[in-house]
Amino acid sequence: MIIDPASLASKEAYALLVSVVVPRPIAFVTSLDASNVVNAAPYSFFNAIASSPPLIILSAARKKGALKHTAENILSRREFVINIVNESLVDSMNFASADFPPEISKMDQLGITLLPSIRIAVPRIAEAPINIECTLHKHIPLDDEAVDLIIGEIRQYHVRDELMSGGVIDQKLLRPIARMGGNYYATIDNLFEMERYKSAKNNPGAGTDSEAGR
Ligand SMILES: Cc1cc2nc3c(=O)[nH]c(=O)nc-3n(C[C@H](O)[C@H](O)[C@H](O)COP(=O)(O)O)c2cc1C
């Protein structure tokens, strides 16, 4: 089947895209509004885009033209925390994506514990295995598509001691939750290792490694 995304209604285009680009990591983002009220919401259009300086990207779709609270808060305060989601945080993360009317305090309902950050005023989520304090590096509004791209610079990591192994995160212990298409999520239960090729000379059939050196 060949599919022209331009032929799809926006809901169909979204459903197809998020079922094709999988698995996606989930950023459970905490942010502060102008009155210091804490907000938390999940974003799976999230990834790392550079390592020096360390940069991440989030994409927040506007709702009927209005910025999502997370985007609004990040633009006004220029800082936020990405809390990595593991199994213990799944329910709160999912609930945090709901629309909360102003009379209901989202943070009171989520059952999460907030801890102070070190470099920024935005608190982090104690239950998360990793918290990443970020400052706003760049905001790129995609006007036609009503999307706010937020590029954040990582200023501080908080990693549970038992997860650190030789300067990196122990991949068997982290157990992050990944976002799949539809209502699917995944745990990472089957890890395998594979060495990278240094040069195509050692294996002419393998082609070149465009990421070599990174
Ligand atoms: C797992 C998950 C991932 C999500 N990823 C995104 C995303 O990348 N971009 C987005 O605009 N909304 C995303 N959403 C929807 C937002 O979480 C939802 O619109 C939420 O109400 C936004 O809250 P806020 O306005 O407090 O930021 C996601 C929801 C879930 C459950």
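Here, residue 1 is the first one in the sequence, and each next residue gets the next number. Here the structure is a predicted model, which is why all the values come from computation and not from measurement. Indexing begins at 1, ligand by ligand and atom by atom, following the structure's order.
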Open item on the list: How about CD on E195, more than 12 heavy atoms from neighbouring residues, nucleotides or ligands closer than 6.0 Å, or not?
Closed with: no
Task: Note: K68-D148 ion pair, threshold 4.0 Å (strictly below) - done: no
Task: N-O pairing of R124 and E133 below 4.0 Å - done: no
- [ ] For R24 and V21, indicate whether the former's side chain and the latter's backbone hold a donor-acceptor pair under 3.5 Å.
- [x] yes
Open item on the list: Looking only at distances, can you tell me whether any N or O atom of K68, backbone or side chain, sits closer than 3.5 Å to an N or O atom of ligand 1?
Closed with: yes
TODO: Distance to 0.1 Å, residue and atom name: give those for the protein heavy atom nearest to atom 7 (C) of ligand 1.
DONE: Y43 CD2, 3.4 Å
Task: Pairing of R77 and D33 as salt bridge, 4.0 angstrom limit - done: no
Open item on the list: Distance under 4.0 Å to a non-hydrogen atom of A60: what atoms of ligand 1 satisfy this?
Closed with: 11 (O)
Open item on the list: Centre-to-centre under 6.0 Å for F28 and F46, is that the case here?
Closed with: no
Open item on the list: Let's go through I49 and I151 carefully: what are the C-alpha distance in whole Å and the side-chain angles of both, what is the deciding distance for side-chain contact (heavy atoms from CB on, under 4.5 Å) to 0.1 Å, and is it a yes or a no?
Closed with: CA-CA 9 Å; I49 55 167; I151 298 180; 3.9 Å; yes
Task: Minimum-distance protein heavy atom relative to atom 18 (C) of ligand 1 - done: S97 O, 3.4 Å
Open item on the list: Quick check: S59 and ligand 1, any N/O pair under 3.5 Å apart?
Closed with: yes
TODO: Could you establish whether E72 and ligand 1 come within less than 4.0 Å of each other, counting only heavy atoms on the residue side?
DONE: no
Open item on the list: Considering both backbone and side-chain atoms of A96, is one of its nitrogen or oxygen atoms within less than 3.5 Å of a nitrogen or oxygen in ligand 1?
Closed with: no
Open item on the list: Within the structure, is a non-hydrogen atom of K63 found at a distance of less than 4.0 Å from ligand 1?
Closed with: yes
Open item on the list: Looking at Y185, I'd like to know if the NZ or CZ of R179 sits under 6.0 Å from its six-membered ring centre while staying within 45 degrees of the ring's axis.
Closed with: yes
Open item on the list: Give me the atom names and distance for the closest heavy-atom approach of T70 to A41.
Closed with: OG1-CB, 3.7 Å
Task: atom 5 (N) of ligand 1 [closest protein heavy-atom partner, distance rounded to 0.1 Å] - done: S44 N, 2.9 Å
TODO: Determine whether any heavy atom of F46 lies closer than 4.0 Å to an atom of ligand 1.
DONE: no
TODO: Tell me which protein heavy atom sits closest to atom 28 (C) of ligand 1, plus the residue, atom name and distance to 0.1 Å.
DONE: P42 O, 3.3 Å
Open item on the list: Return the closest protein heavy atom for atom 25 (O) of ligand 1 as residue, atom name and distance.
Closed with: H69 N, 2.8 Å
Open item on the list: Tell me the contacting part of N39 for ligand 1: side chain, backbone, both, or neither, using a 4.0 Å heavy-atom threshold, strictly below.
Closed with: side chain
Task: Atoms in ligand 1 with a heavy atom of A41 nearer than 4.0 Å - done: 22 (C), 23 (O), 24 (P), 26 (O), 27 (O)
Task: Nearest non-hydrogen protein atom, atom 27 (O) of ligand 1 - done: T70 OG1, 2.5 Å
Open item on the list: Check this for me - ligand 1, A61, N or O atoms closer than 3.5 angstrom, yes or no?
Closed with: yes
Task: N/O separation below 3.5 Å, F45 to ligand 1 - done: yes
Task: Flag, side chain of S117 to backbone of R119, donor-acceptor distance under 3.5 Å - done: no
Task: Which atom of N86 lies closest to which atom of L174, heavy atoms considered - done: CB-O, 4.2 Å
Task: Within-cut-off N or O pair, R179 and ligand 1, under 3.5 Å - done: no
Open item on the list: If the contact criterion is a heavy-atom separation under 4.0 Å, does A98 count as touching ligand 1?
Closed with: yes
